[in-house]
Amino acid sequence: MDINEFGTIHNGFGESIRALRIKSGMSLHDLSEKTGISSSYIVRIENGQIKKPSFSVIECLLQGLGIKTSILLQRLESKKHSN
């Protein structure tokens with residue numbers, strides 16, 4: 001995962017969130033209910049329209065998905081090296 005000096009997360013963060021959500025069998029509505037984050041905001045993150053979600057949003061998404069931060073970082077790092 002790349003985080004530049006402005007704190008922007010990129011290189012597949014939203015795509016990884018979507019893949020993890022789908023893999024866990026959760027709908028957008030399910031994840032929204034678990035996290036308190038609106039479905040439309042989650043969609044914008046997954047589509048890469050939101051480049052700088054706050055740490056608290058990232059943390060909520062990961063907790064809602066039952067994913068440890070280290071797992072997401074490993075996923076993003078392996079994606080970076082496969083491109």
Side-chain angles (χ1 to χ4, degrees):
M1 173 174 69
D2 292 334
I3 302 177
N4 68 19
E5 67 273 17
F6 302 110
T8 303
I9 297 173
H10 50 93
N11 283 352
F13 172 71
E15 293 170 3
S16 292
I17 291 296
R18 178 187 295 124
L20 291 166
R21 176 179 59 77
I22 292 169
K23 184 176 181 179
S24 69
M26 295 180 82
S27 68
L28 283 166
H29 179 76
D30 294 337
L31 186 55
S32 177
E33 288 285 314
K34 283 188 101 170
T35 62
I37 300 169
S38 73
S39 295
S40 63
Y41 194 79
I42 295 170
V43 167
R44 293 191 335 241
I45 290 171
E46 288 182 352
N47 291 335
Q49 294 170 320
I50 295 179
K51 303 279 187 215
K52 294 169 56 171
S54 68
F55 181 75
S56 62
V57 167
I58 294 168
E59 189 174 47
C60 281
L61 290 171
L62 294 178
Q63 286 178 356
L65 292 166
I67 302 295
K68 293 181 180 180
T69 305
S70 60
I71 300 296
L72 178 66
L73 293 175
Q74 288 172 355
R75 180 182 182 95
L76 292 170
E77 190 63 26
S78 68
K79 182 177 173 83
K80 176 181 171 184
H81 290 297
S82 68
N83 289 334

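Hydrogens, waters and symmetry mates are skipped; everything else that's a heavy atom, side chains included, is used.
- The closest side-chain heavy-atom distance from Ile50 to Val57 is not below 4.5 Å.
- Contact record, Pro53 with Phe13: CG-CE2, 3.8 Å, taken as the closest heavy-atom pair.
- In this structure, the separation between OG on Ser27 and CD on Glu33 is 9.0 Å, given to the nearest 0.5 Å.
- With hydrogens and angles ignored, the 3.5 Å screen pairs a side-chain donor or acceptor of Thr35 with a backbone N or O of Leu31.
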For Asn47 and Arg18, run side chain to side chain contact (heavy atoms under 4.5 Å, CB included): C-alpha distance rounded to whole Å, both residues' side-chain angles, the deciding distance at 0.1 Å, then the answer.
-> CA-CA 9 Å; Asn47 291 335; Arg18 178 187 295 124; 2.5 Å; yes
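- Separation of atoms CD1 (Ile67) and OG (Ser24) is listed at 7.0 Å; rounding is to 0.5 Å.
- Nearest heavy atoms, Cys60 versus Ile37: CB-CD1, 3.8 Å.
- Of all the heavy atoms in Arg21 and Leu65, the pair that sits closest is CA-CD2, 3.5 Å.
- The side-chain contact (heavy atoms from CB on, under 4.5 Å) test with Ile17 singles out one residue from Ile58, Leu62, Ile22, and that residue is Leu62.
- Once rounded to the nearest 0.5 Å, the distance linking CZ of Arg44 with OG of Ser38 reads 6.5 Å.
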